[in-house]
Structures are given as C-alpha cells and as structure tokens.
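A quick write-up on the structure given underneath.
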Amino acid sequence: MTSNLFEPVTLGAVELPHRVLMAPLTRMRATPPGDVPNDLMREYYVQRAGAGLIVSEGTQISTEGKGYMDTPGIYSAEQVEGWRRITDAVHEAGGRIAAQLWHVGRVSHESFHGGELPLSASALPYRNRTTVKGPDGGPLRVSCPTPRAATAADIARTLDDYRRATENAREAGFDLVEIHGAHGYLLHQFLSSVSNHRDDEYGGPVENRARLMLEAVDAVVDAWSADRVGIRISPVGVFNGLEALDDGAADDGLHVAAELGRRDLAFLHLSEPDWAGGPALTDEYRAQLKQAFPGPIVGAGAYTTDKAERLVEAGLIDAVAFGRAYIANPDLDVRIRDGVAYNEPNTATFYGGGAAGYTDYPALV
Ligand SMILES: Cc1cc2nc3c(=O)[nH]c(=O)nc-3n(C[C@H](O)[C@H](O)[C@H](O)COP(=O)(O)O)c2cc1C
C-alpha cells in the first residue's frame with residue numbers, strides 16, 4: 001500500500017511534495033565568535049534536502065535569546081549571509097527550509113550575556129541545565145541561574161527582535177519561519193502558570209499569559225505574511241525544567257491553538273511530550289486541537305511511520321516531523337518510502353563538534 005505520507009501538502013505559501021519533515025535540531029556547530037552558519041552546516045542541510053520541509057535548528061533572534069554554545073543566530077549581516085548560502089544550496093538540491101526563530105528566555109547562562117541574568121516572565125528559581133563552552137572549548141553542562149523578570153522595555157525590545165529576525169530570514173532566502181513557542185523557552189515561560197507569576201497584563205489568566213506568544217506571532221506576521229509563518233508549541237509535558245502536566249496546561253494549549261487558528265498561519269507544529277518522558281497525547285485532545293486550529297498541523301515527538309500514517313488518515317495531523325531519525329539518516333524520506341532500515345544515531349555527537357556524527361551518516365546511494 002502506498003503511504004499517505006507521500007501525498008503532497010500545502011503549508012501556507014509553500015507546497016511540499018510529501019509529508020515527511022525534518023524537525024528542528026540544535027547541533028551547536030555554528031562558527032564563533034558571532035554564531036555564524038558555516039559550510040559544514042550547509043553540507044548537513046543539503047544532505048537532508050529530500051525532506052518535505054527542513055525546519056532549521058533553533059536560531060536565536062538576538063544575543064539575549066541565546067542559551068547554548070555555538071548555536072546560530074539570525075540578527076547580524078554575517079549570519080544572514082551564512083544562512084543565504086545554506087538556503088540557496090538547499091533550494092538547488094530541490095528542498096525547502098524554514099528558519100526556527102528562538103528566544104531561550106531563562107534557559108541560559110550569564111556567561112552569554114556579559115554577566116547579566118537572562119530574562120523570563122518571572123524571577124523564579126528553577127532547576128535546569130544548559131551548555132556553555134568549557135575551558136577546553138568543548139561543551140560543559142552548567143546550572144541555569146534564577147532569571148530576572150522582563151520589564152515592559154524588555155518585552156518591546158524582544159518583539160522588535162522577532163520582527164527583525166523575520167525580515168532577516170526572508171532576506172536570507174528561507175521559505176517560511178517557525179516561531180519556537182515550545183520546550184520551556186521564553187514564549188512557553190510566559191504561557192505557563194508554573195513559570196509566569198506576573199501581575200501585569202502578561203500574567204494571571206491565560207489570555208494574559210498567552211499575550212507575548214501572540215504578540216510575537218503578530219509581529220512576525222507583520223514583518224512577512226501569515227502564510228509564511230508557523231509556530232511550534234508543546235503545551236503539555238516536561239521540558240527544560242518546566243513541568244506542565246496539569247489540565248490547566250492542556251487547556252492553555254487549546255486557548256493558544258484557537259487564537260493561532262484565527263490568524264491563518266501556514267502551520268501549527270505540535271511537539272508532543274512522550275519523547276521527553278511525558279504522557280502520550282490522546283486522540284481526543286488531538287481532535288480538540290484540530291478543531292481549534294483548522295490549518296495544517298505537523299506532529300512530532302517519538303513518532304513511528306505507522307503512527308504518522310494513522311493520524312494523517314484520521315485527519316488529526318497533516319504531516320509528521322522526525323528528529324533523531326533525521327540526524328542519522330540524511331535520506332530518511334527515501335528509507336521510509338522504500339521500507340529500508342535506518343542508521344542508528346550516536347547521541348555522543350548530537351551537540352557540538354565537527355563532521356563526525358553530523359555529515360558522515362551514510363545515505364543509500
Ligand atoms: C539533538 C536534538 C536537538 C533538538 N533541538 C531542537 C530545537 O532546536 N528546536 C526544537 O523545537 N526542538 C528541538 N529538538 C526536539 C526535536 O525537534 C524533536 O521534537 C524530538 O527529537 C522528538 O522527535 P523524535 O522522536 O523524532 O526524535 C531537539 C531534539 C534533539 C534530539
């Protein structure tokens with residue numbers, strides 16, 4: 001039987017030849033100083049150009065938005081030039097690529113910010129770790145500090161950064177942008193009542209906690225066009241020290257999905273909790289999300305092809321994004337289509353380093 005994953009699908013302004021997408025994957029190999037995308041990254045993305053859509057690794061919209069060593073940015077001219085070389089090469093190879101716009105908020109470290117504390121919704125102590133550059137230049141895991149609460153000026157500047165990053169992504173030749181609203185990073189920190197204890201118009205009821213996420217969406221849409229903008233959310237689960245497992249979190253997700261649904265976005269990317277140890281989403285919750293957000297939904301997180309085919313068939317998702325399988329299989333779409341076994345990923349080379357475990361996974365031909 002031909003898989004329904006190989007039927008075309010349209011995400012906003014972009015037509016995809018099939019529904020097997022490459023999930024955003026931080027690999028920490030940009031060139032310092034300046035966090036510039038480089039030729040090694042270009043080779044890695046070109047190898048994966050057979051994906052229906054590549055979503056780039058998380059790409060910080062500003063130096064304030066950075067939380068890990070050697071992640072690429074999209075705020076300087078040099079970075080835009082680096083990305084341009086990558087998007088051109090992906091297009092030449094027949095692919096399509098979205099930029100994942102990232103602000104980590106509190107999942108960061110003062111060493112990235114000249115000794116200043118990272119910003120978040122509230123100045124709450126929490127337990128999480130991030131990766132800085134160690135004395136030997138390699139990755140070193142460190143505890144994240146208690147962040148400072150964003151002021152009105154911080155929020156206004158952050159929204160400007162989203163706007164500028166979108167203009168840059170467009171100039172760099174990306175087909176789409178994906179706002180990173182998931183995994184306990186800044187927008188999720190504002191959305192969750194666990195990390196947001198504010199008493200201004202950004203705190204309290206979900207309408208207020210969702211405000212920054214929706215303002216960021218509106219700023220990004222304003223800087224480009226709704227049919228070029230998607231967003232990734234993970235309202236339920238445990239990610240980066242943010243535990244959102246109560247009914248409140250699921251309801252927050254539905255509120256956000258409905259608000260996003262009104263904005264005619266290119267897609268909603270749902271990062272599901274099971275791969276990070278959380279509970280699997282129920283089909284009932286998926287159906288509620290689909291009703292709230294009538295546009296295309298991309299599912300991701302511990303998917304098998306069987307699960308993806310079943311959920312596409314049921315009309316609960318429109319496409320699937322694979323993460324770890326794409327790290328180890330540059331031609332994953334071909335392997336799925338032809339039923340060929342996968343290479344196994346090596347977790348030791350996920351973050352940082354060079355070509356080993358990055359561009360040296362074999363393709364079939
Ligand atoms: C090494 C690694 C890096 C990741 N980086 C990102 C990222 O930059 N942005 C993001 O939204 N998710 C990121 N994720 C999550 C993946 O996009 C994906 O949701 C997760 O791997 C689950 O899918 P899988 O079971 O197919 O691997 C990362 C996951 C891994 C393993």
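Computation of the quantities below employed the complete heavy-atom set of this structure, encompassing side-chain atoms and omitting hydrogens, waters and symmetry-equivalent molecules.
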Which atom pair, heavy atoms only, marks the closest approach of [X] to [Y]?
X: M28; Y: T71; answer: CG-CG2, 3.9 Å
X: P17; Y: G52; answer: CD-O, 4.2 Å
X: S3; Y: E309; answer: OG-OE2, 2.7 Å
X: A244; Y: P235; answer: CB-O, 3.4 Å
X: A308; Y: I317; answer: O-CD1, 4.1 Å
X: P24; Y: H269; answer: CD-CE1, 3.9 Å

Honestly curious: do [X] and [Y] fall in one hydrophobic cluster under the side-chain, below-4.5 Å linking rule?
X: Y185; Y: L117; result: no
X: Y75; Y: W224; result: no
X: M41; Y: V80; result: no
X: V334; Y: V46; result: no

Which residues satisfy the salt bridge (charged side-chain N to carboxylate O under 4.0 Å, His left out) test with [X], sequence neighbours excluded?
X: D35; answer: K66
X: D318; answer: K290
X: D283; answer: R286, R310
X: D88; answer: R84

- Message: Regarding T158 and D161, do their side chains bring together a donor and an acceptor under 3.5 Å, going by distance alone?
- Response: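 No, because no side-chain N or O of T158 sits under 3.5 Å from a partner of the opposite role on D161.
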
- Side chains of D306 and T304: is there a donor and an acceptor less than 3.5 Å apart?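 Note: D306 and T304 side chains miss the donor-acceptor criterion.
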
Does [X] use its side chain to pair, donor to acceptor, with the backbone of [Y] at less than 3.5 Å?
X: R48; Y: I327; answer: yes
X: D227; Y: G12; answer: no
X: N38; Y: R29; answer: yes
X: S225; Y: R228; answer: no
X: R211; Y: G203; answer: no
X: R148; Y: L119; answer: no
X: R198; Y: A150; answer: yes
X: Q79; Y: P72; answer: no
X: S122; Y: L124; answer: no

Atom [atom1] of residue position [X] - does it have more than 12 heavy atoms of other residues, nucleotides or ligands inside 6.0 Å?
X: E15; atom1: CD; value: no
X: E201; atom1: CD; value: yes
X: D247; atom1: CG; value: no
X: E7; atom1: CD; value: yes
X: E78; atom1: CD; value: no
X: E243; atom1: CD; value: no

Roughly how far, to the nearest 0.5 Å, is [atom2] of [Y] from [atom1] of [X]?
X: L101; Y: T59; atom1: CG; atom2: OG1; answer: 7.5 Å
X: H180; Y: I231; atom1: NE2; atom2: CD1; answer: 10.5 Å
X: D331; Y: N343; atom1: CG; atom2: CG; answer: 7.5 Å
X: M213; Y: D252; atom1: CE; atom2: CG; answer: 9.5 Å
X: L187; Y: L212; atom1: CG; atom2: CG; answer: 5.5 Å
X: T359; Y: Y44; atom1: OG1; atom2: OH; answer: 10.5 Å

- Can a salt bridge be assigned to the pair D333 and R337 using a cut-off of 4.0 Å between side-chain N and carboxylate O?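 Answer for the salt bridge query: no.
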
- Task: Considering only NZ, NE, NH1 and NH2 on the basic side and carboxylate oxygens on the acidic side, decide whether D160 and R163 come within less than 4.0 Å.
- Result: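 Salt bridge: yes.
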
Heavy-atom side-chain contact between [X] and [Y] under 4.5 Å:
X: T87; Y: Y45; result: no
X: V320; Y: V312; result: no
X: V221; Y: L265; result: yes
X: H91; Y: D175; result: yes
X: H188; Y: H183; result: no
X: R263; Y: V217; result: yes
X: S234; Y: F239; result: yes
X: V36; Y: E81; result: no

Can you list every pair that meets ring pair (Phe, Tyr, Trp, His ring centres under 6.0 Å) and has a residue in [range], with sequence neighbours left out?
range: residues 46-70; result: Y68-W102
range: residues 288-344; result: none
range: residues 112-162; result: none

- Query: With respect to Q100, which candidate in E57, R232, E178 satisfies the side chain to side chain donor-acceptor pair (under 3.5 Å) definition?
  - Reply: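 That would be E178; it is the only one of E57, R232, E178 passing the side chain to side chain donor-acceptor pair (under 3.5 Å) with Q100.
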
Apply the hydrophobic cluster definition, ILVMFWY joined by side-chain contacts under 4.5 Å directly or through others, and give me every member besides [X].
X: V238; value: L245
X: V14; value: V9, L11, L16, L21, L53, V55, L176, F267, V298
X: V194; value: L242

- Item | Distance under 6.0 Å and angle within 45° of ring axis: R27 vs Y358 |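 Because its charged atom misses either the 6.0 Å distance or the 45° angle limit, R27 does not stack over Y358.
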
- Task: Check the pair F350 / L25 against side chain to side chain contact (heavy atoms under 4.5 Å, CB included), numbers first and verdict last.
- Result: CA-CA 9 Å; F350 275 8; L25 293 159; over 6 Å; no

When the side chains of residues 129-136 are checked against the rest of the protein, which donor-acceptor pairs come out under 3.5 Å, sequence neighbours left out?
| residue | atom | partner | partner atom | Å |
| --- | --- | --- | --- | --- |
| T130 | OG1 | G67 | O | 2.5 |
| T131 | OG1 | R141 | NH1 | 2.8 |
| K133 | NZ | D70 | OD1 | 3.1 |
| K133 | NZ | D70 | OD2 | 3.2 |
| D136 | OD1 | G138 | N | 2.9 |

For a quick test of your reading: what N or O donor-acceptor pairs under 3.5 Å do the side chains of residues 273-280 make, sequence neighbours left out?
none

